[in-house]
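Notes for the one structure printed next.
Because the structure is a prediction, the values reported are computed rather than measured. We count residues from 1, following the sequence as given.
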Amino acid sequence: MPIKYFLVTDGMDIIAENPSQQKLQQILMEKVIPKLARENHKRVLTNEDSNIFVKYSGKYYLFTIATQDIKQRVCWNLIDEVENDLLKNQRTVNKNYLKEKLNFYNNPENDKIQKLQNEIDRVRDVMVENVDKILTNQQTMSNLVETTEELAQQGDEFHKGGKKLKRSMQKRLIIIIIIALIVISIIIAIIVIVLLAVFVPKSK
């Protein structure tokens, strides 16, 4: 699990902890907290392969320990949510509550921004594939036009036919480009709609 530990304390007593780790709890209480300023702040401490996120707000210290590969905003969102619930009603914040929050934030499917990024990546891949197809068709048509021009040089009759084929190919290329622009516009519209759905708050 990327987020491995959470501790809530007032500096003297343990409000909630998950999972229970007596040795780690003792280190935080006796060695880390005394070195922290008792004023509102938040910071990240690095410890080998883990990051320790700590926030002091009002009278509570909130610690969470996570692997270094997890996005920091996920840990800060977790801390902010626990803090808000703690300030509303301290009794709701206990071991089972923390366990539930850790499971939620450790699930990538609950990260809206990451889901949006995955969707954008998927749409980008589709766009790149479509552009590659368009370029391939364009190259094929260019080759056909060149072949037509060479054949046209063999006589007046082939020359006239070659001109007609060239115009036909150019029209076809224009049609393909128009269709591609329409597809790209639709994809961009989908991305805008998804962004609005995620970031614009719904009216209650």
Side-chain angles (χ1 to χ4, degrees), residues 1-125 190-204:
M1 295 174 66
I3 303 177
K4 302 182 290 187
Y5 179 77
F6 203 105
L7 173 70
V8 183
T9 176
D10 60 4
M12 298 294 293
D13 298 318
I14 304 300
I15 307 300
E17 177 190 33
N18 188 73
S20 297
Q21 294 190 25
Q22 186 66 34
K23 186 175 180 180
L24 178 57
Q25 176 195 123
Q26 185 176 0
I27 291 173
L28 294 175
M29 295 292 290
E30 295 179 3
K31 295 185 178 181
V32 177
I33 288 180
K35 297 180 180 179
L36 299 175
R38 293 189 68 88
E39 57 185 28
N40 292 349
H41 71 279
K42 61 181 183 179
R43 61 190 300 186
V44 180
L45 308 174
T46 302
N47 179 29
E48 296 180 356
D49 62 342
S50 299
N51 285 333
I52 303 174
F53 297 81
V54 56
K55 182 176 183 179
Y56 180 75
S57 177
K59 63 177 183 177
Y60 300 109
Y61 292 95
L62 298 98
F63 291 90
T64 188
I65 299 178
T67 57
Q68 293 184 355
D69 58 344
I70 191 171
K71 296 186 182 300
Q72 291 193 11
R73 60 175 172 75
V74 175
C75 294
W76 290 126
N77 287 342
L78 167 60
I79 288 177
D80 289 341
E81 182 173 352
V82 173
E83 177 192 12
N84 289 335
D85 291 341
L86 182 67
L87 295 176
K88 289 177 183 176
N89 186 354
Q90 179 177 326
R91 294 182 179 179
T92 62
V93 179
N94 52 41
K95 182 175 182 178
N96 291 333
Y97 166 89
L98 291 180
K99 182 179 180 180
E100 178 183 336
K101 293 302 177 185
L102 261 62
N103 289 335
F104 180 87
Y105 279 90
N106 276 319
N107 184 354
E109 292 298 317
N110 294 323
D111 186 353
K112 292 183 179 181
I113 294 179
Q114 186 60 50
K115 286 176 69 176
L116 178 60
Q117 182 62 52
N118 293 340
E119 182 64 19
I120 291 174
D121 290 342
R122 186 188 67 79
V123 172
R124 181 196 60 197
D125 291 341
I190 292 173
I191 294 174
V192 172
I193 291 172
V194 172
L195 286 171
L196 290 175
V198 171
F199 293 105
V200 176
K202 299 180 178 178
S203 58
K204 297 183 178 179

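- Looking at every heavy atom in both residues, Leu28 comes nearest to Pro34 through O-CD, 4.5 Å.
- Here the shortest heavy-atom pairing between Tyr5 and Pro19 reads CE1-O, 3.2 Å.
- Looking at Ile79 and Phe6, their side chains come closer than 4.5 Å, going by heavy atoms from C-beta outward.
- Once rounded to the nearest 0.5 Å, the distance linking SG of Cys75 with CD1 of Ile65 reads 10.5 Å.
- Between the side chain of Gln72 and the backbone N or O of Trp76 there is no donor-acceptor pair closer than 3.5 Å.
- Counting heavy atoms from C-beta on, the side chains of Phe53 and Lys42 never come closer than 4.5 Å.
- The two atoms that bring Leu36 and Arg43 nearest to each other are CD2-NH1, 3.8 Å, heavy atoms only.
- Of the options Asn94, Asn18, Thr64, Leu86, a side-chain contact (heavy atoms from CB on, under 4.5 Å) to Val8 is made by Leu86 and by none of the others.
- Between Tyr97 and Asp85, some side-chain heavy-atom pair lies under the 4.5 Å cut-off.
- No donor-acceptor distance shorter than 3.5 angstrom exists from the side chain of Thr67 to the backbone of Ser50, with no hydrogens or angles considered.
- If you take CG on Leu98 and CG on Asn103, they are separated by 11.0 Å, rounding to the nearest 0.5 Å.
- Put simply, the side chain of Leu7 does not reach to within 4.5 Å of the side chain of Leu24, judged on heavy atoms.
- Considering only heavy atoms from C-beta on, Lys55 comes within 4.5 Å of Asp80 through its side chain.
- Counting non-hydrogen atoms of neighbouring residues, nucleotides and ligands closer than 6.0 angstrom, the NZ atom of Lys99 reaches no more than 12 such neighbours.
- Taking every heavy atom of both residues into account, Asn77 and Tyr105 meet most closely at O-OH, 3.5 Å.
- Just one of Glu17, Met29, Lys59, Gln25 meets the side-chain contact (heavy atoms from CB on, under 4.5 Å) condition when paired with Thr9; it is Met29.
- Across every non-hydrogen atom of Tyr61 and Asp10, the tightest pair is CD1-C, 4.2 Å.
- Proximity of Leu78 to Ile3: side-chain heavy atoms (C-beta onward) are separated by under 4.5 Å at one or more points.
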>> Using the rule given for side chain to side chain contact (heavy atoms under 4.5 Å, CB included), can you reason through Thr46 versus Gln68, listing the C-alpha separation, both sets of side-chain angles and the distance that settles it, and then say yes or no?
In response: CA-CA 9 Å; Thr46 302; Gln68 293 184 355; 3.4 Å; yes
